[in-house]
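Note sheet for the following structure.
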Amino acid sequence: MTIGTGVDLHSIEKILFGSEPVHISEAARKKVDDSFIFLKDFAKEKIIYGINTGFGPMAQYRVDDDSLIQLQYNIIRSHATGAGRPLPELYVRGAMLARLMTFLQGKSGISPELVDELVEFINRGIYPYIPEHGSVGASGDLVQLAHIALALIGEGEVFYGGKLEKTSEVLERLGIAPMKIRTREGLSVTNGTSVMTGIGLVNLIYARRLFRTVVTASVLINEVASSYDDLMSKELNGTKLHEGQRAVATMMRDDAEGSRCLRQRTAELYSGHHEERQFGHKVQPYYSLRCVPQILGPVLEELENAEKVLVNEINSACDNPIVDPDTDNVYHGGNFHGDYVSFEMDKLKIAVTKMTMLCERQLNYLMHDKINGILPPFVNMGVLGLNYGMQASQFTATSTTAECQTLSNPMYVHSIPNNNDNQDIVSMGTNSALLAGKVVENAFQVTAILLISLAQAVDCLSIAGDLSPVTRKLYDDVRAIVPAFRDDSPRYKEIQQVVEYMKSRIF
């Protein structure tokens, strides 16, 4: 895929999840080269932060001309101080793509060779070892980006072919020369929002895939309950002006098309003579079934807003200072500040947690025979008392949902001054993105348990032939992983397999 100064979410998804190789357009490459040539000339006889000064609070100290290249190596080596587990390769791939896109804006003053090195790492699947802890989100992701920079100069460690190795050995084997530091490459690689943005984009893509599955699952549970179909009607949902709610209702109607399980209120309750004093079938189902458009509508709108924010971020220059050949100037500011991403990741994890809570309540409906009135306890198709169905799986879903609720407390407002108070207010954007990622992963696990339980419910009622084509496809897909069961056996591997199935769904 040839990319220039802008990339959309569809292209990002193909590069990150489809391992689409990246190629740089000539126009973008020229912008990088022009910026590099401009800065090299402009920097003469001037004081420019990070080129001939120290970094952070050390900016008040000038660096001698014969030490300028060493200065750039020093920021990389001194800041490679992360701790904790290594970031997953998909997050690292996202971070490298985000850093590449910043450089392609032509506002960093870096050499085209740095761009080429990053492209080699992305295309060959070389993933720098990046510990999860270290970033306060301003000046961007300094510590974690320093680990990327360390690999680019041939030091540190990388994952290649799933194996952790010395970077120098991998590059030598592949015939790739380590990056040679020029004017300001050390600062430019380490300074910006690229790690939080890369993680955020992965979270968003996964959350979008999960969301669409949850919508279909919500139609399926209403089929199981034989709900009246007006809960998703255009007329009802059109009286609310929220676009997300209307869109979810439309999705549900599309997914329900052709179902013989849903009831029509007009046919059953609005016609004929009714003398019943008590109705055997619920006139209105529980909120977790009936209010899906109202609950998932805000979730959809947040996913759309997160896409806007993250795509804007990846297509922005998040460097400091900003090198601008168009105005013949170098501007000092704070484009490395990760507030947009941090705030959005907090909102995303709240939205995904609410979606998880919906799934947990729907699961409870299926488990509780006195609530649903049509299924055996815990959709147990075996011998009651001897067998246990999905009873223990509900424990997992409940505890995991509770963890999501705790993790949904905001990170964005947890600034702690540091760096001799130079960084006196920070974004904590990468922490926010990592917590959001945990919430998304949890949500997949809860939804997987719901899907297995829904398949069991369908078989308990023998209604597979009456499902809509869309919900029948979801049922069939789950059954291909988890056949109907009566006997007890460990389910943990099947739950994870359903998680992987949902993660791979592309809509």
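Numbering starts at 1 and runs along the sequence shown.
There is a side-chain donor-acceptor pair under 3.5 Å between D8 and S11. Under the 3.5 Å distance criterion, with hydrogens and angles disregarded, no donor-acceptor pair is assigned to the side chains of T400 and N442. One side chain, S408 or T353, offers a donor N or O that lies under 3.5 Å from an acceptor on the other. Looking only at atom types and distance, the side chain of T396 has no donor-acceptor partner in the side chain of Q445 under 3.5 Å away.
Aromatic rings of Y91 and Y127 (six-membered ring for Trp) have centroids beyond the 6.0 Å cut-off, not under it.
The number of heavy atoms from other shown groups lying within 6.0 Å of CD (E243) does not exceed 12. The number of heavy-atom neighbours closer than 6.0 Å to CG of L174, taken from other residues, nucleotides and ligands shown, is above 12. No more than 12 heavy atoms of other residues, nucleotides or ligands sit less than 6.0 Å from atom CD of E257. Remark: Y340 OH is loosely packed, at most 12 non-hydrogen atoms of other residues, nucleotides or ligands lying under 6.0 Å away. For R173, the CZ atom is densely surrounded, since the number of other residues' heavy atoms within 6.0 Å is greater than 12. Around the CD atom of E172, the shell of radius 6.0 Å holds no more than 12 heavy atoms that belong to other residues, nucleotides or ligands. The environment of NZ in K46 is crowded: more than 12 heavy-atom neighbours from other residues, nucleotides or ligands sit within 6.0 Å. Around atom CZ of F507, more than 12 heavy atoms belonging to other residues, nucleotides or ligands sit under 6.0 Å away.
One finds the CG atom of L100 at 8.5 Å from the CD1 atom of I314 (value rounded to the nearest 0.5 Å). Note that CZ of R99 is 6.5 Å distant from CG of N191, once rounded to the nearest 0.5 Å. For the atom pair OG1 of T401 and CE of M355, the computed distance is 11.5 Å after rounding to the nearest 0.5 Å. K31 NZ to Q105 CD: the interatomic distance, rounded to the nearest 0.5 Å, is 6.5 Å. Atom CD1 of I15 and atom CE of M96 lie 12.0 Å apart (nearest 0.5 Å).
When each of T5, N335, T102, D324 is paired with K107, the side-chain hydrogen bond (donor to acceptor under 3.5 Å, both in side chains) condition holds for D324 and for no other. Each of V189, I75, L68, L39 was scored for a side-chain contact (heavy atoms from CB on, under 4.5 Å) with R184, with one residue passing: L39. When each of T193, T197, D141 is paired with T430, the side-chain hydrogen bond (donor to acceptor under 3.5 Å, both in side chains) condition holds for D141 and for no other.
The pair K347-E344 meets the salt-bridge criterion, with a side-chain N (NZ, NE, NH1 or NH2) lying under 4.0 Å from an Asp/Glu carboxylate O. Ion pairing between a basic and an acidic side chain is recognised when a charged N comes within 4.0 Å of a carboxylate O; E13 and R209 show such pairing. At a threshold of 4.0 Å, the pair K349-E302 does not count as salt-bridged, since none of the basic side-chain nitrogens sits closer than that to a carboxylate oxygen.
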message: Could you go through E301 and N305, starting from their C-alpha distance and side-chain angles, then the distance that decides it, and tell me whether this counts as side-chain contact (heavy atoms from CB on, under 4.5 Å)?
response: CA-CA 6 Å; E301 291 191 31; N305 196 66; over 6 Å; no
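Contacts of Y160 classified as ring-ring contact (aromatic ring centres under 6.0 Å, His included), with partners at least two apart in sequence or in another chain: none. With sequence neighbours excluded, no residue forms a salt bridge (charged side-chain N to carboxylate O under 4.0 Å, His left out) with E157.
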